[in-house]
Structures are given as C-alpha cells and as structure tokens.
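Report on the following structure.
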There are 2 protein chains.
Amino acid sequence: MNVIELLKSHQLKKTAPRVAILNVLNNSKIPQSESEIKQAIGDLYDRITFYRSMHSLIEVGMIHKIVIDNTLVKYALNNCTDEHVHEVDHVHFYCKTCSKVMCMEEVKIMLYVLPQGYSKNECDVVIKGCCGSCEKFVLGKHEN
Amino acid sequence: MNVIELLKSHQLKKTAPRVAILNVLNNSKIPQSESEIKQAIGDLYDRITFYRSMHSLIEVGMIHKIVIDNTLVKYALNNCTDEHVHEVDHVHFYCKTCSKVMCMEEVKIMLYVLPQGYSKNECDVVIKGCCGSCEKFVLGKHEN
DNA sequence: GTTCAAATGAAACAATGTTGCAAATATAAC
DNA sequence: GTTATATTTGCAACATTGTTTCATTTGAAC
C-alpha cells in the first residue's frame, strides 16, 4: 500500500503524523487502539494532532473506528476501496482473553427485519468471545 | 415493578441512589443516558456514587449498558427475568435524528457463522438510522 | 522562493472512568 | 429499639478521552 498516493487521492496533505498512523495500521494485521498506535509511533506528535489526524482519516474513509466498549476503541484501515463497503454491515470480533479485535470479513449477518417505518443507515456488530488462538491455549492448559 | 423487592431479590441493599436510578429507568420507555438519568434525579448524589450504583446494578443483571458510540452510552432495565436472556443477542436501534435508543425485542439477528475455533460470549448489535416517528416527520417536511 | 490554505501545537476545558479512604448507612442480630 | 458489621457513600485525587480556540508552522501549488 502506498500511503502517500492514498493520501493524495483522498485530497489530504501528506503530513508526518498521518503517514505515521497509516504506516502503523498498515503494518499491523489487526485493528489498533489509540494507545497502541501511539506506542508504535513514539511520543513525536501532540495528542490533539493525533486525535485530529484520526478524524480526518476517518472522514475521507481511509480508516474506520471500531467501538468495542465506551472505553475501548480500535482503528483499522479500510482496505476495500469499493464505495459499496459502507452498505455492508460491519462485523468485528473482540477476544476477551487477548483483547485483540479482528475484522470478520467472512462473517455475515444474514437477516434482520426492522419495524415498519424504520430505516437503516449503519449497523455495527461486535461479537465478544474467545478467538481461535486463545481457545487453543485455554484447552491446552486444561489438558495439562 | 417493585424496585425494593427487586433489589432485595438481587441481594443489593435498598439505597436512595439505586432506587432513584431504577425509578427513572422504569418510568422511561426508552434507554436513558447517564446525563438524562441525572437530570431526572437532580443533583442529589455524588457522581462516583452514581457510577458505582450503575456498576452494581449491571453486575447483578438488573440493568444493562448499551454502547452506541464511545461518547454515547445508554442504560435500560432488564425487564426479562429469564436467565437465558443473556444468550440472546442484543439488538438496539439508534435514531440519528432524535438520538433516542430503542431496544428491538422483535428484531432478531438470524444467523452468523464464526471461524473455526472461535466461540461467542456476547454479541452487541447497534443499528443506526431513522426511527418511525422521525421518518414520518422528515417525509412530512418534504411534502410541504 | 512566495503565497495561501491546511495542519499542528499549546492551553484550556468538559466529560467520563477509576482508586483509596474515612464517614455514613442499611440490614441483621440482639 | 439498640447495636454490630459489612456495605455504600462522598470526597479527594488522578487518568483518559473528547473538544475548541488561536497563534505558529508546514505542505503544495504557483
């Protein structure tokens, strides 16, 4: 992924904090929290700058916010450049054991019917449980 | 609903802030935010007390927390005394127009399949859009 | 290099989440 | 009703996050 090209195509200036944030998200396979990103970057940029950089990146649709809980927010790149991605329900998995968040591209909410007169705009789905790696670990411990 | 009886049955002491919170939630048809509850009660209790009251009520399962966004949290009574309610996915609707949150008892997520080795513990579903009342209002405006 | 709009950094503030501890209170035992 | 005890409350203090204003700096277009 060419971060600089992407910023240009979204009409955002190539600034150091934006490039740093995008690189961190690009290098990590799973969504990262604000503190995780800041830890990866280091204490280079102001907190407010970080916050505003996230906002501008979300606004143009380069990244998206995943709210696990009111105290836990993760960010991930929008790999899909398809505009229609917004119409597909977001499904995220939060592992209560390792605290990692995974985007479940393959998991799909099959169907729901809203009451008469209601219209859907977005749908955020967060499934909380135990991921494959932790499940194995837990099972392994019980076997000992 | 008898608030005092319910507290007793959940082995929580009948304290003024808990009773006040439960009454507010009981009297409102839709989930309320912390500030909405505090506004209804008045400035009687300490902020920390409020916070801890909410925690204890959630812990025993008398109320539940609905996280719409990391900046918007609502609380609602668990009307259903059935223990199995926890196994059913929570579906909430957030109206972007009137900012109200509604528990959608009748809306059900039909099916989703997690990857091999993953296990589900909870599933929070928040559908954002426009509710029936606001939809009518918006349509009405267009008709003029 | 100059110019101008955009982005940053600093200060200041609001809201929320959390802990430790002393004082107050609910409940149970008497 | 009084007393004892465990719970709950209120206060202080602090951490994190969200947000605005404004002067300064920077990016990129010319």
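Heavy-atom basis, side chains included; hydrogens, waters and symmetry copies ignored. Note that the coordinates shown come from a computational prediction; the quantities given were computed from them, not determined experimentally. We name chains A, B, ... by the order of the sequence lines, and we start the count at 1 in each one.
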Just wondering, more than 12 heavy atoms not from [X] lying within 6.0 Å of its [atom1]?
X      : atom1 : answer
A/K100 : NZ    : no
B/D43  : CG    : no
B/K96  : NZ    : yes

Between C/dG17 and B/R47, counting only base atoms on the nucleotide and side-chain atoms on the residue, is there a donor-acceptor pair under 3.5 Å?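 Between C/dG17 and B/R47, which were checked side chain against base, a qualifying N/O pair under 3.5 Å is present.
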What's the [atom1]-[atom2] distance between [X] and [N], to the nearest Å?
X     : N      : atom1 : atom2 : value
B/L44 : D/dT8  : CG    : P     : 19 Å
A/I4  : D/dG27 : CD1   : P     : 12 Å
B/E59 : D/dT7  : CD    : P     : 12 Å
A/L7  : D/dT26 : CG    : C1'   : 15 Å
B/F50 : C/dA15 : CZ    : P     : 14 Å
B/E36 : C/dA15 : CD    : C1'   : 15 Å
A/D46 : D/dT26 : CG    : P     : 14 Å
A/E5  : D/dA28 : CD    : P     : 12 Å

When you measure from the side chain of A/I48, which nucleotide among D/dT9, D/dA12, C/dA12 comes out closest?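 Minimum distance to the A/I48 side chain belongs to C/dA12.
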For the side chain of A/E34, starting at C-beta, report the closest nucleotide among D/dG18, D/dT20, C/dG20.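 Output: D/dG18.
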Going by side chain to side chain donor-acceptor pair (under 3.5 Å), name the residues that satisfy it together with A/T15, two or more places apart in sequence or in a different chain.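 Scan of A/T15 (side chain to side chain donor-acceptor pair (under 3.5 Å), adjacent residues dropped) gives none.
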Check: B/S9 main-chain N/O paired with B/Q11 side-chain donor or acceptor under 3.5 Å: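 No, the answer is negative, given that no donor and acceptor are paired below the 3.5 Å cut-off.
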OP1, OP2 of C/dT16 versus side-chain N and O of A/N70: anything below 4.0 Å?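 For C/dT16, neither OP1 nor OP2 has a side-chain N or O of A/N70 closer than 4.0 Å.
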OP1 or OP2 of D/dG18 versus the side-chain N and O atoms of B/T71: is any pair under 4.0 Å?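 For D/dG18, OP1/OP2 do not have a side-chain N/O of B/T71 under 4.0 Å.
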Once ring-ring contact (aromatic ring centres under 6.0 Å, His included) is applied, do any residues pair with B/Y94, and if so which ones, sequence neighbours excluded?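 Expected list: none.
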Quick check: on DNA chain C, is the nucleotide nearest B/S35 upstream (toward 5') of the one nearest B/K8, or the reverse? Name the residue that is more 5'.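 Closest to the 5' end, via its nearest nucleotide, is B/S35.
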Upstream residue (5' side of DNA chain C) when A/R52 and B/K65 are each assigned their closest nucleotide: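 Its nucleotide being nearer the 5' end, the pick is A/R52.
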Near DNA chain D, counting only heavy atoms under 4.0 Å, which residues of residues 10-21 of chain B show up?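 Residues of residues 10-21 of chain B that come under 4.0 Å of DNA chain D are, in numerical order, B/L12, B/K13, B/T15, B/P17, B/R18.
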Verify whether one side chain among B/S33 and B/E36 offers a donor that lies under 3.5 Å from an acceptor in the other.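 There is such a pair between these side chains.
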